[in-house]
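These notes concern the structure reproduced below.
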Amino acid sequence: MSAGASGRRLFGLLAEFRSPEELLQACRQIRDAGYRSWDAHTPFPVHGLEAAMGIRHTVLPWLVLCGGLAGALGGLLLQWWTNALDYPLIVSGKPLWSLPANIPVAFEMTILLSAVTAFFGMFALNRLPRFSHPAFRSARFRRATTDGFFVTIEADDPRFDVEGTEQLLRSLGASAVEWLEDEED
Amino acid sequence: MSSLSGQGAGKAYWRSLEDLAGSVELRALAEREFPEGVAEEPATSRRDFLKLMGASLALAGATACRRWPVERIVPFAHRPEGYVPGEPVQFATAMDLAGAATGLLVTSYDGRPIKIEGNPLHPSSLGGTDPLAQAALLELYDPDRSTAPLRIARGQQIASSFEDVERFSRELFRQLRERRGEGLRVLSEESSSPSLREMRSRLLRALPAARWHEWEPLTRDAAREGAALAFGRPYRSWLLLDRADVIVCLDADPLMTEPGAVRYARDFARARRAEGGRMNRLYAIEPALSITGASADHRLALSRAAVALVAGRIAAELFLRCGLPLPGGAEELRHALERFERHPFRPPLVTDIVRDLLAARGRAVVLAGPGQPPAVHALVHLLNAALGNAGRTVAYAPDPDPERESHAESISALARDAGAGRVEALLLLGGNPVFDAPADVDFAGALGRVPHTIHLSLYVNETSRACAWHVPRAHFLESWGDARGHDGTLSVVQPLIEPLYDGRSPIELLAHALDDGVTSGYDIVRRTIAPALGGGDFEKGWRRVLHDGLLEGSAWAAETPSPVRPTWAPALAALAEADPSAGPGRVELVFARDLSVYDGRFANNGWLQELPDPITRVTWDNPALVSPSTAAELGVGTGDLVRIRAAAREAEVAVFVLPGLPAGTMTVSPGYGRRAAGRVGDGVGFDVYPLRVGRALWRAEAEVVPTGRRWPIASVQDHHLIDVLGMKERGRRAVRLIREGTLADFLDHPGFAKQARGHEGELPQLYRPWSYEGHKWGMTVDLSACIGCGSCTIACQAENNIPIVGKREVARGREMHWIRVDRYFSGTADSPEVRFQPMTCHHCENAPCEQVCPVGATLHDHEGLNVMVYNRCIGTRYCSNNCPYKVRRFNWFDNHRGLGPVEKMVFNPEVSVRSRGVMEKCTFCTQRIEAARAEAKKQGRPLRDGDVEPACAQACPTEAIVFGDLNDPGSRVRRLQDHPRAYGVLEEIGTRPRLKYLARLRNPAGSESGRA
Amino acid sequence: MAEAVLDERALDNTSDDPRRRAPLVLGANDLVTITDKVCRVPEAPRMPRAWYVALCVSAAFTAVLAAMIGYLVFTGVGVWGLNRPVGWAFDITNFVFWVGIGHAGTLISAILFLFRQSWRTAINRSAEAMTIFAVVCAGLFPAIHVGRIWVIYWVFPYPNQMAVWPNFRSPLLWDVFAVGTYLVVSVLFWYMGMVPDLATLRDRATTRARHLVYGVLAMGWRGSARHWHRYEKAYLLLAALATPLVLSVHSVVSFDFAVSMLPGWHTTIFPPYFVAGAIFSGFGMVLTLLVPARELFGLKDVITLRHLDNMCKIVVATGSIVGYAYAVEFFVAWYGQNEYELFTFLNRALGPYGWCYWTMVSCNVVLPQLFWSGKLRRTPWVVFGLSLVVNVGMWFERFVIIVSSLHRDYLPSSWGFYKPTWVEILTLMGSFGLFFTLFLLFLRFLPMVAMAEVKAVMPRPAAEEPEHEVAARALAGRGGSGEPT
Amino acid sequence: MQPFAMQSDKNSPFVFPKWVDRTRPALAVVLFGVLPAYLALLLGFAGSPRTTDVGYAPEQPLPFSHALHAGELGLDCRYCHTTVEQASRAAVPPTDTCMNCHAHIRGQSPKLLLVRESHATGMPIPWVRVHDLPDYVYFDHGSHVRRGVGCVDCHGRVDKMDVVRQVEPLSMAWCLDCHRDPDAHLRPLEAVTRMDWVPPQDRAALGRRLREVHRIAPSEDCSTCHR
């Protein structure tokens, strides 16, 4: 296959490996070779891959914490403002503002906002949804969600050069290497 | 807000209606408000009125894009002087029931009477009312009332007109006059109206050969005859219970069913509060379980026949043993009394009664009820005379109508003559003899033999259908009239509204028939009362009578007749044969007055039909009551249909097992099983009139056979057959819920009621209780005073637009009454003790209902009312589940659907009409609080104690319910809540109720400290 | 020899031999066969006849439900048998029942996940689906039980022209928030777990339509390791959040009663008691659903006997907890010597509703004890039968708590009795119709087993390491504690 | 932009075109911005009485102009609405009131036909209610007017209306505004019916004074308006 076909440009290289173990090995090598913009694709989360690829911990937990705090605070404020401040009403001779009665709602709000943050936060950080990724153009890549273990190295990586990188991948035991092409914008 | 369409429809519509009503009705009203004005009836006819209403109805239907129907404002063309639209006004009038009137004040709102209350000035009321008076309002607006004269031939009803009626009657009477009235008969109900008596004498003067009959199914003739026997001529007697320390009721029910009962109840209750350590003592010996019996200190259940034994026994003890002087030449009487002494049956209580009677000479009273034979009444009169009670605790006045024959004789004579073809024309002024005449009088058949029959009646009832002419009768709230109270006090019956349907009052009908010049009721009444008003400015006196609702000092002059030689002794002696125990299979059938439908005339009144019987708590029915033992003997239980055979006639009735009835008796109340009562009353309950014969109207020997079939009975308590476990618990709780002690207990430890409670003093509070500055509304109910009559329930229903739900819904536990009177039994099944407890919203300061409402539809306001905001309610019913008193009511359906324009006129515009799906409950009549507040502001003064009186408290005959401001140290309610007898129901669960009860006191013989 | 061992292992994974970890997937399965087994169902052109029959029946009942609700809305709550004092009966019973059912799903997907119970992977997807559908059914009843359904939205705190707010002291309002949150979180959790499998379906798609639909649903998931990293973190967080949530939801539901004044309701034992009951009933329902499903769709070697066995153990455990709660209630009533409390419980067991009480006890406490026998635990039809019993018993539990407490409370004068009308009965049946309809549709169109998760724990034929280590490490990985870099 | 083409050949799969991804920001904005905002608006305005009720000006059975009578002729409100001070209702006047003047003025005007008829026959004139509170709301004109709440505060400049129009929402929130802060709405009693009354500079101070003078303590209790 050759680059520069009309409207197409090289996006990167796709390499397939036989097993998670081989993939792990390969990833360690690629990481040590100093590649930056590359990725591995597996049908299920393979343990140790983060380490092998050198992925840093995500900030998601912190976002969720903020979400939770916002929920708790919001829940309490809502109840205090509506029942004790905006329209204070005498209910069962209870004080206008008594914490015990307000715990459940505050708690549920905490959970709700944390959960929503976790969900949307995850997709946002993953830049998902992304419907047209060049990898999808590869028939082989469709096995990535079934039983295929892949590595993609993108062309815009400073260390990327077609021959060298392809060499490297093959040397790491890739059962197949193919070019990924992308539309020109 | 979308609820509006639902909630609005009812009220939105008739808010415009009320203006309409005003526009036309008020002209009439205004004249009555200022009677010196012209006296003619207003020109505008009802038809335009209805036309207009129709119009506005149509418009109301046409809803534009707005959220609720377009409303019309229909102002007066000519607004009466000083009349302010939308401001309620009160007028005095009176309601005559079977010859005794109760003075009333009727609240009118834009020309619509919307609430009936007792007239505080009237001696028969003193402000209180019985349920019947309260419910008369609904009768006024009953759409089933007849709307036009009818010509009836062979069952065909042909619409007619008053012109026809008058043409016919004028012609008829012309012919009659030629024959001096030969063949004319008039049958009227018992009435106290002087005008009617006046018209009667005019008729008899004009047509001397005519004859006047009188029939009252629940007649009190026995008492009248008894007096005649005792004193040689008939006397009316009435009680002065406030002066009686000892009351002995022989099958009598002075607190509920005697004329003047409302007044009696008040006098009685005043002496039940143990003020100054004094309390009266009530003995009741009775076959049925009456209201009086329920409040008695000692009650003895005996068959109606056996009551005479007790009477005789008491007399024997007093006259033969205790040396009470027998009237001269009473040897026969002595012999009669000796026979009572010899009778094997030894009734209990007699020694106590005798001792008390002797100790309280002149301060005691012995009473016999309408069900007792004349001889017993005579004996009772004799006793009262001998004990010096006559004139002190019981007053006598000559009967205003001395020469009339007894009702039973009268109607059978009429039937006889008619049957023999001696009657040409019969004019029936009200009544329903075809339904309620004695079974041995074939009245329907007799009617058939009379060529000309005219029936004046509110409804086209059984009798109307058997007559040739039916003439709609004007309701007493629609027509002029007059009446006398139980003590003879004269009142003018003043109309509150134009006749909704054309109608005539009896006096007007007679006037037209006789066509003497004066034909308007208004003039007739003025003519009758003129002499009574005496000299001076007639108009002034007349205005005063209208304003006060009575003529000052017009009561009968009481005298103390002296007994004549007791020729009736043999009759009495005959009673000594009675055998208190009936044979197997046979029972003594006891006829008792039904507290809802009276003799059947109120059968079409939904309020009364749904008002639970105080004792059985049964609605929409008149089951035959038997004691558990008798039920077992007959092999029947509650809800079983039995066939009763008496006097060769049969009736099928459902059985209801009730403790406290004498073995071998079965109590039935006539008036149900109507066939032509109206949509409400038809086919409700069982007709037992067929079991009643003229010579023995009140008791019969009957044979009872189970049919094996069942009948659903809708009782508001014990909705279902209750198991042993539940019954045990109910008994245990009753004594804690309704605390009770003897007078002696109270005098020894006044706080006995509080000590009965688990916790002593204030419960600890988790939160600092809310402090209520300003007003702090509260209520007390004195269980010592409450006799369980149920007036509060109906008064509340009328005041607060409470719907009627019908038998089926009641059976499902969905009745809507805001205030109910719980009834508990304690003690044994043979001689149970009955306890009543009016139960309504307690307005708890820590209201359990409030905190659970998700939308805050029920809350406290700053005066401590537990307010229910219907328009916010979404109907989760959580509040009701969480209410320990179960006083909240839920609108399971749209209970006002399908109400006609006239039916809707009964609504109180000051109270929202609740839509489907919302909770409702007692508001302490917050609308009355607001009204009083506005009035006080207008007068620039603070609210005073007594300014605010909820409907229940106002109607209560015994002043058991007291309402007021707990922050006002001088208020009655404050004093009562601090009273040693005060306690709160379920206080121990921390609700802090604003409604407190005063423990019930009883004064049984033996607690001698009771008599100071 | 070795052959024999392998066979025996292939046939049965229920032995508790401590020396080796029992495999969680049986038979000669690899990543592809597993994927095929699971995807076959949504990809199949037709479903087994049984499925169509089931769908027709449940759809019919759903229609009945709609009709009943319509009748209710147009006529009034009076069409139910409710009265005073019994203001709640079938309506709230069904609500609590369905909410309870939901709990098993969250428990399996969240709590078992935190406890590293990797066998959950075979069943969590369907259990979560069940949760969502159950909560949908549950939410229905509080909504329709009110008198004025058309203003039900007043329970939400939104600014309005009346300037009034809901009352946050009301347990019913807590319900609104608890159940609402529960539904949202369950849906998010369920969907997130499904994304990788949806991607699988997308990549196996043979028609444009399927590719489009699953493509959109899968959001372009491509199994990137960097994505997996955040994905697992999010999954862990959601699990950690769902766990207290699921406990709170039924506690809050129990507050509806515990916070009230009613003897028989007003008690502190309710939250734990209700939660245990909820899990109990939930597992009952999971079994009711999965025993037939695994037969129907040939998933016996994914949803193995061991799975059933484990679930039955949970059933017997929670069932016994519930039984203990019943006992404690009576003890407290006797020990507290509160006359009202005392009577309520006597009345519960011996009063008019006694038969309901004893049905409940035998279904929830007595019969589940059979599960002490491992043989019965591994006999699918027995398991199925008992799971039905549990469902019945738990419905009756709620009915007993609600009705027997309400019908005789403080004042004997207002004691009453409750009988359901045909409307209520049909509504209940209708809610089952709705539930099963939704579940059947789920089976038809979505992967009923979490493939990606199963793959992570399945024994791999790759010879070099024994499968249990892979499983163990995979689990460690799922725990999310990757080495620092 | 390449169309959704998908070859039957399994090896080159269908791929979403790039532009699909380019729509993502827009999607996000719609989902998290526009939609909620739209719903909020719907809730806030569409349902509010400000939208549904304000401006309601039904046609009346006869063309009575407040602008003419109250405006140009300067009749005091209470000349016709006599009961407004003592009663809960500001009663619509009886036909007689009209005839007081119109017996002499414009006696024959066809516009007044209905009035003359009504006067003759006694049949009321069916006016259409403009300011229509829900039936569960109990409002007392007297207690407001007597305490210095001006007609204009609720009914607007009636003296400028030929056809009477609802100018205030008359919603509960609107009532509460005043009950919570009466000062801004109080005026001297003599100015209550003055349509053109201009408050002094420091209205708040005046309000405060009046509130003390009339001992005005508006209640927010439900029972104040609902029964």
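So that the names make sense, note that chain A is the first sequence line, chain B the second, and so on, each numbered from 1.
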- Heavy-atom contact with chain C under 4.5 Å, split by part of B:R820: side chain
- Query: Nearest heavy-atom pair of C:W415 and B:G726: which atoms, and what distance?
  - Reply: CZ3-O, 3.5 Å
- Worked verdict on C:Y340 versus B:E988 for side-chain hydrogen bond (donor to acceptor under 3.5 Å, both in side chains): CA-CA 11 Å; C:Y340 304 110; B:E988 65 269 27; 3.2 Å; yes
- Task: Search all heavy atoms of B:R730 against all heavy atoms of C:P412 and return the closest pair with its distance.
- Result: CG-CB, 3.3 Å
- Please assess C:V79 against B:F893 for the test side chain to side chain contact (heavy atoms under 4.5 Å, CB included), listing each intermediate value before the final yes or no. CA-CA 9 Å; C:V79 300; B:F893 298 106; 4.2 Å; yes
- Would you mind telling me which of C:I149, C:L173, C:V155, C:D409 has the largest number of heavy-atom pairs within less than 4.5 Å of chain B? C:D409
- So which heavy atom on C:W150 is nearest to which on B:R916, and how close? CZ3-NH2, 3.5 Å
- Rounded distance [0.5 Å steps], CZ in B:R812 versus CZ in C:F417: 14.0 Å
- Message: With rounding to the nearest 0.5 angstrom, report the CZ to OG distance, B:R617 to C:S413.
- Response: 8.0 Å
- Could you tell me whether a side-chain N or O of C:R148 sits under 3.5 Å from a main-chain N or O of B:N871, the two making a donor and an acceptor? yes
- Would you confirm whether B:R877, through its side chain, and C:G87, through its main-chain N or O, come within 3.5 Å as a donor-acceptor pair? yes
- All side-chain contact (heavy atoms from CB on, under 4.5 Å) counterparts of B:S880, not counting sequence neighbours: B:R888, B:M919, C:R84
- When rounded to the nearest 0.5 angstrom, what distance separates CH2 in C:W265 from CG in B:N881? 4.5 Å
- Task: Quick one: do C:F343 and B:R733 satisfy side chain to side chain contact (heavy atoms under 4.5 Å, CB included)? Show the steps, please.
- Result: CA-CA 11 Å; C:F343 172 73; B:R733 285 188 196 179; 3.4 Å; yes
- Counting heavy-atom pairs under 4.5 Å to chain C, which of B:D822, B:L737, B:L859 comes out on top? B:D822
- Taking the six-membered ring of C:W154 (Phe, Tyr or Trp), confirm whether the NZ or CZ of B:R872 is under 6.0 Å from its centre and within 45° of its axis. yes
- Query: Using a cut-off of under 4.5 Å for heavy-atom pairs, which of B:G856, B:A734, B:A857, B:C873 has the most such pairs with chain C?
  - Reply: B:C873
- Task: Examine whether an atom of C:F74 lies under 4.5 Å from a heavy atom of chain B, and if so say whether it belongs to the side chain, the backbone or both; otherwise answer neither.
- Result: backbone
- More than 12 heavy atoms of other residues, nucleotides or ligands under 6.0 Å from OH of B:Y767: is that the case? yes
- Task: Please examine the side chains of C:D256 and B:Y878, heavy atoms only from C-beta on, and report whether any two atoms are closer than 4.5 Å.
- Result: yes
- Query: Does any N or O in the side chain of B:R814 come within less than 3.5 Å of the main-chain N or O of C:L82, such that one atom is a donor and the other an acceptor?
  - Reply: yes
- Query: Given a strict heavy-atom distance threshold of 4.5 Å, which part of C:V176 is in contact with chain B: side chain, backbone, both, or neither?
  - Reply: neither
- Task: State, to 0.1 Å, how close C:G147 and B:F890 come at their nearest heavy-atom pair, and which atoms those are.
- Result: CA-CZ, 3.8 Å
- Partner chain C: residue of B:T991, B:I874, B:V855, B:V724 with the largest heavy-atom pair count (under 4.5 Å): B:I874
- Query: Which residues, numbered in order, of residues 844-854 of chain B come under 4.5 angstrom of chain C by heavy-atom distance?
  - Reply: B:P848, B:E850, B:Q851, B:V852, B:C853, B:P854
- Among the listed options C:V86, C:I152, C:N338, C:V164, the residue most often paired with chain B at heavy-atom distances under 4.5 Å: C:V164
- Item | B:R736 and C:E339: CA distance, side-chain angles, deciding distance, salt bridge (charged side-chain N to carboxylate O under 4.0 Å, His left out) verdict | CA-CA 11 Å; B:R736 290 177 47 78; C:E339 59 170 327; 2.7 Å; yes
- Task: Show the numbers, then the answer: is there a side chain to side chain contact (heavy atoms under 4.5 Å, CB included) between C:L411 and B:K886?
- Result: CA-CA 8 Å; C:L411 297 192; B:K886 287 288 174 284; 5.9 Å; no
- Task: List the atom of B:T876, the atom of C:W88, and the distance in Å for their closest heavy-atom pair.
- Result: O-NE1, 2.8 Å
- Item | Region of B:L725 that comes under 4.5 Å of a non-hydrogen atom in chain C | both
- Under a 4.5 Å heavy-atom cutoff, which of C:P142, C:G81, C:P157 has the most pairs with chain B? C:G81
